[in-house]
Every structure is written in structure tokens, then in C-alpha cells.
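Here the structure comes first, spelled out in C-alpha cells, and everything after it is commentary.
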Amino acid sequence: MTAPALDCRGLSPAVTVLRIKQAASAADADPAAPLPVLLDEDCSHELVTRALGELGDRVRFVVPEPGPAGFWWQRPDLAYGDGQLRLGGTGLAELAGQVGTPAYVYRADRVAENVGRVSAALGAAGLDHRVYYAIKANRAPALLTYLRTRNMCGADVCSTGELQHALSCGFAPEAISFTGTSLSAREIATLARFDRLRVNLDSLSALDNLGRACPGREVGLRINPAAGVGYQGDDRLNYSGGTTTKFGIYREHLAEALAIAARWGLRIVRIHFHVGCGYLDAQLDQLERALDAANAFTEDLPDLREVNLGGGLGVPHTAADRPLDLARWAAAVAGRFGGRGLTVAVEPGDYLVKDAGLLLTTVTYTERRRDVLFAGLDAGFNLAMEPAFYGLPCEPVAVVPRWDEGQVDYTVVGNINEALDQWAVGHRMPLLHEGDHVALINAGGYASAMRSAHCLRGEVAEVLLIDEEPADRPAVRTQSGGR
Amino acid sequence: MTMQSDSTLATTARVGEAVPSFAFDPGDPWTVTFQTGLARAGLTGRRVYEVGVGSGANIAFMLRFCGAAMVLGSDLDPRLPLLAQQLVAEVAPDLVNRFRPIPGSVSLIDTPVAMGEVTGVDAVVACLPQVPDPDDALYTRFHLTQLASAAALRDRVADHLAHYYPWTAFQEYPFNALGLGLNEALLRRVRACAPQAQVVLNFGCRIGKRVLFALFEANHYRPEELASCIVRQHPGTDISFFVAVEAAMRGTGYEQDVVCEFYADPAGSHRLSATEAKLLLDADPTTSVYHEISVLRGNPAA
């Protein structure tokens, strides 16, 4: 196995010489083994070799990757390393070779980190809180059981099918929040059997039906604050904006809901609202207006113990998107519901899983037609529908970029016979060849969960990566150093 | 926010420990110079993250005297952010709600919470070790190769990790060759998480000020000096690393390109190499030798 190249980019020839001598002094190194070295582009091979004397014979200069300095999506666990895109410690070219493509790949630890960030933000804002993962975003059993065993969150489900699935992955009924829509009589009967399940009813008829089935129960009411929010202001992602939607009970119908609850002795201990999907920093003002509208319901609900915000927290999809400031978000929530003895629940889906996963694909062809250069992939929009349905892109990223061959603009398309089957248009990326791998990032949420077998192209692998725990993390004091 | 403060102060009370003696001496010239630089960093109304909060002296300073809108901070020692909060509560009670301690033991910004918080800041400030741990395996071999002797540390003091860092763990960073691997790791993390943020770092200039500027430029930051001062070499930090660096450069033709910078006098008029400074200290450990410290700001390059 070849040793990784010693990275000397950014160093002058003098410091490069020093660094090579330091690396060569490692006692466990074979004194005759070649030393691969990545030089800075302004650094001369000849000068460095001459300065090193005999040691210069061992040095093998490696061509540096002239890739861009950084990508908007790059982070410590999603970045290029050793010439290929890596998710966590896993090289994706190697993984594609092993499991084939198309393949969904998720990093479980990233999901856990995302849960931790949400929870920490709510905690830091002084809120008693619960996090329920919206499993409709990604119901991979391995991921759900991983989250259950980490005991970091409960599960949010929206159907009795999802309820059974969550139970089968280890979640107890009391750790499950149920908020469905258009419930059938059979679903009401199922819900009635789970008396510890946290059920939120989204219509007067559902409230009436559940009350009849189990009078005296504690329930939640899904409300519609008539103010909503969506990614980049997209109305398709706004669940409670100007247009009347099917989601929840409007303020003008609240009195009727209270009368139904009284009829069956139901105690409304929780309100639930979900005002939209994918909101980021730029939409926080809109969210605050929705929170104010939701808060207005609370004065009529004397038994209220919990406010469930639903989900909708977004992740960046393009270089122009600024990440959601969780501290500001949590402060906005705390400003309305903190200090009142209320528990705040939140049900993120995309925020937890979307950036933790990607769809690995293979280039099937590249071909110029008229003035458009197409790159075809072995995966179509049926495997990740959000780009086509909601304009939430899954940006194509070269897994083993050929930086030395230059970059060009591609229209990246899938293998489905539909005109909307396009992953990106005019997308600049390194030159692609047939057989190269391309990762469609941000495919951890609402991709596998919504996939179809359209055109009978639904075959896809699914891989969950779980980090190895390092045996011996280095201890570094990062304060008051340098004396 | 009230609930947060109450709950955190309660935790602090449970900790019930005094600030470790090594955490920060507010009169220490390193601290004074760092704060001089922070005062010139334009932090008014800004959101700042301090990597390594120590006692919290810099936090109180940035809130009280620099007008920072919000300071967030973490430390490898999980006790220190809470103790720092206690200090801020004591010296600036009206500002304590503008400090947010990041919980847990945080190396650089390597926890999900820390990374998440850094994404939204305008500036990251830090003073990190720039000398390899004498017990580090790779450093031990380098020392032996260059100086034909073991890198023996005479006394392992309580604040050992405030002086030294594990060299091998940061070998992937090119400037680790000069003892700057930890600082380069921080620059890269900040660049990845908060590409808009400036970075203000407090450095010893023993390895030469020129390479400090090169460190910033290589990592896509435009460097500028905010403050500097000549200080006595701290007796708790072994300078053999710099001697080994000079030894490694001999015979390469680049002897004048990597020059360590020490002084025999506090005015900085009589220059010494690291080798000369070490000889003086070996002959008489009470001898004073000096070096410059410098606060550098990196502004993100376009």
C-alpha cells in the first residue's frame, strides 16, 4: 500500500525541505522506502531534491490536484481526500466499486451530530425540549435503530404504517409523536389501541372520531396559524401560508374543536403546527410571524403542556444559501414559549438526515447535442424526487475529479424517460468520462423514502456508514498556549 | 435566556472549583498583548468565538472593552467555559447573557455544537500552542536525528498542554513542520465552517514572523499585524524544537530562509539564534532570553 503523500502545498522550498527531513526521520519508516511528496506549484523539484542530498533519491514528487480551494458543501466529514470524495472515513470511489451504483450512502454519525446540534440549541435557549425525528424523511431501518439505540430522539410518524415501522425499529409508543392527515376509520381504531402514543389530530372530524373511540384521552391539536414559510419563499413548501391548506385547524374553527373535545372529555395538552419546509436564516423573520400566530392559540387552551413546532428546518442546497442559525432560531422559539412551563417539541426530518446522505451514481455517457453537453447518470429523478418536485437540488459532485483535464458545464440527466429528469443544468464540474462516479449530495432525506420504480428503474443499494470510535483521541489543550 | 443562565450557574456551583492557576494570568504580557490586538480587531457589534477560553479574561475584555455583541467560547478543559462564565458574571454581570459557553471538552472546534456555532460568527480568536510535545513520538525521532540526543522533558508542569501540542496528530498540515500545525488546523476548520469570518491569533514569533504571514496566505487569509511585544522566553517551554529546526536546515543551502528569532535583551536589539539561546539557557537556566509575540488577523481572501 502506498503511503499518503506528504502535503507541502503552501510551503516555501526551504520549509518543504525541513518537512521532508522531519517525515524521513520517522524511525518506523523503511529507510529505503519512497517518500511521496505533494509540492506547492511554485516550488521547484530540482531545488528541493538538491537541498535534500542523498535523501532526495527517496522523494517521489506527486502531481498536485489543482482543484478549487473549497466547495460550499465541503465540511470535515464530506471532502476530498487522497484523490476521492470521502464521507466520514469512507472513500466513495472504493465504496461504489464494492456495492455498485446507484446506491444511497448515509453517515449515521452526521445524523447524530445534527440531532445534537438541534438539542443543544434548544437547551442553550433554556427550553425543556424533545426532539422527534420525522421518519418520513428517511425510514431506513438501520438508521432508525441506530438513533433509537443512541437514545437521542423520539420518532415522528404520520401514518399507522410508519407507526408500525417505528415500533419495529425499537421506538416505544411514548417516544413516538403521531400527526397524520386524512385518517381513515381503521387508522383511528389503531391509534385508539396505543394509549401512550402522542397523537395530534389535524381536523375536526379526526378529533371527533378519536374522541368517540377513546373518550377522556389526552390529545394534541394540529393547528394552522395561517402564516407559513418555505425554502427561498417557495409556496410549494409553505404549509400554512396565504392559500387555505389541508393541514390543521384554523383559528376560526378552534371554538368548534374545543366543543368536540369537551363532548368526549378530551384534554388538549399539546398544540402542533408545521408551517413549512426547508427554511433557512433568510426566512427566520417569516417563521417568527408564524410563531406569533401559533402563540395566539395558546390563550384558549388551559390544559396546554407542550408546543410541538413540527419540522421544516432546512439545510443549504446551493452556494448562495446561508445555513440556519440555530441559536437565533431557538431564541425565537424561547421568546414565545420559554419560561411558561411548556415543553417544546420539534420534529426535524431533512435537517437531521439530508446532508448526511448522498446518492452514488455512475456516468453512463457524455455527449454534446447542439450546444449542450450532457452527462447521463445511472440514476433518475425517481430515486430522489425533491429536485424535480420542489426545486431542492441534489448537486452533482465528481467522486474522483479529473482536475488536470479541466472543467466544463454539463447538463446532468438521469435514466428516466421524462423531460423533467434533470439533476442540474449548466453545472460546472471536472471533465467526466463514462464509468466515472458522481455523487448527488443532499440525498439523505426524502430520496429513498419517496423513490418509485418508475420505468422499472427502482433498483438501488443502501449503505449506512457508522464511524469507528478512535481508540486514542489526541488530547490538545487549546487555550492559553504558546508560552 | 434567564433560564439558561440560572441553569448554567447552578452547574458551575456544582463544579465548585477555583479557576486552575494556569488558566490565564490577566497581567501576563501574552494576555496584555493579545487584548491589545483584540481591541484593534474591530469587534464592536460582532459575534466572536474564542477557541480556548481559559479563565474567561478575554471574554470579559471583548464584551466590556471591544463592544462584542456576543462571545461564544469553548475549551479542551470542560470546566473552563463554565468557570469563565462565572468570571464574566462577577466582573461584568450586565454582560453575562452575551457569553455562551460551549459545553464539553472541545479540541479546536471539533464538536458538532462548536462547528454549528462557528458557522454564524464574524470572528474566531485563539492563542494556541506552537511547540511540539517533547514526548510526541514523531518529534522524539526528529530531535534524535538532528541533535543526537533524546528530547527529555525535565519537569512536566501542570499546564503542560498549554505549552505543547501533539505534533504527530497534526502532521497532515504542512505548517506543522514549523510548529504551526494546530493553528493551521484551526484556520482550515474556520475556513470550512465560516468562510466569512476573520481569524485573530496570538503567536510567538520564535519560528520567524515571516512564516506566520505565510501560514495565513497559504490558507487563503490576508494577514495583518494588530499588536506585538517582546517578552521573556517562558521558562516552562522547552525550545529544543527550534534548535532541531536550525540543525535540520544546516547544509541544505536554505539556512538563511528558516531563521528562528530570539533576543538577548528585552529591547530586541541583540539577535540570537535558537541554538545560541539554548546554549545560554543550558549554561544558566535563570538567564533571560526573549522573543517577540504578535497578534495577527487573517481576513478571508476573496
Side-chain angles (χ1 to χ4, degrees), chain A residues 4 6-19 21-28 40 47 50-53 69-70 72 74-76 79 112-114 116-117 120-121 123-127 281 322-323 325-328 331 334 338-339 473-483, chain B residues 1-4 7 22-24 30 51-54 75-77 80 100 107-108 112-113 116-117 119-120 126-130 138 141-142 145 161-163 165-166 169 172 174 177-178 182 189 191-192 195 202-204 211 214 218-220 234 236-237 245 248-249 251-254 257-258:
Chain A
L6 185 69
D7 189 353
C8 296
R9 286 173 292 180
L11 299 183
S12 66
V15 183
T16 300
V17 168
L18 172 64
R19 182 157 162 79
K21 292 184 83 167
Q22 289 169 343
S25 66
D28 55 355
D40 189 80
L47 289 177
R50 194 181 314 141
L52 286 168
W72 69 266
Q74 191 173 305
R75 54 177 201 254
E113 289 159 13
N114 290 342
R117 254 199 324 279
L127 291 165
D281 251 20
R322 188 180 165 90
D325 180 346
L326 279 178
R328 191 180 152 207
R473 286 182 187 276
V476 185
R477 160 157 262 117
T478 59
Q479 55 86 214
S480 62
R483 268 53 170 175
Chain B
M1 293 307 288
T2 306
M3 287 184 69
Q4 179 209 355
S7 113
F22 54 80
F24 250 166
W30 281 75
V51 176
V53 295
D75 203 288
L76 186 70
D77 185 333
L80 293 182
R100 183 182 302 156
S107 175
L108 296 176
V113 173
E117 294 290 8
T119 58
C127 177
L128 307 177
Q130 301 149 55
L138 181 59
R141 293 193 288 267
F142 173 55
T145 304
L161 288 174
H163 296 261
Y165 75 99
E172 69 187 275
L178 300 165
L182 194 54
R189 282 158 170 75
R191 182 86 182 161
N202 198 12
F203 287 103
V211 298
N219 286 281
H220 313 288
H234 194 288
T237 305
V245 165
M249 297 315 294
T252 64
Y254 286 115
D257 293 82
V258 179

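Every chain is numbered from 1, with letters handed out A, B, ... down the list of sequences.
A pairwise comparison of heavy atoms in A/Ser25 and B/Arg141 identifies O-CB, 3.4 Å as the closest pair. For the pair A/Lys21 and B/Thr252, the tightest heavy-atom approach, listed with the atom from each and the gap, is NZ-CG2, 4.1 Å. The two atoms that bring A/Arg19 and B/Pro174 nearest to each other are CD-O, 3.3 Å, heavy atoms only. Nearest heavy atom pair, residue B/Ala177 against residue A/Gln22, reads O-NE2, 2.9 Å.
Here B/Leu178 is the residue among B/Thr119, B/Asp257, B/Leu178, B/Asn219 with the most heavy-atom pairs under 4.5 Å with chain A. Contact count versus chain A (heavy atoms, under 4.5 Å) is highest, among B/Gly120, B/Ala248, B/Pro195, for B/Ala248. When each of A/Ala120, A/Ala79, A/Pro13 is checked for heavy-atom pairs under 4.5 Å with chain B, A/Pro13 comes out on top.
Contact of A/Leu52 with chain B is not made at all, since no heavy-atom distance falls under 4.5 Å. In this structure, chain B has a heavy atom under 4.5 Å from the side chain of A/Asp325, while its backbone stays farther away. Looking at A/Arg50, there are no atoms closer than 4.5 Å to chain B (heavy atoms on both sides), in backbone or side chain. For B/Glu172, the part lying near chain A is the backbone, with the side chain staying farther off; criterion is any non-hydrogen pair under 4.5 Å.
Between B/Met249 and A/Leu18, some side-chain heavy-atom pair lies under the 4.5 Å cut-off.
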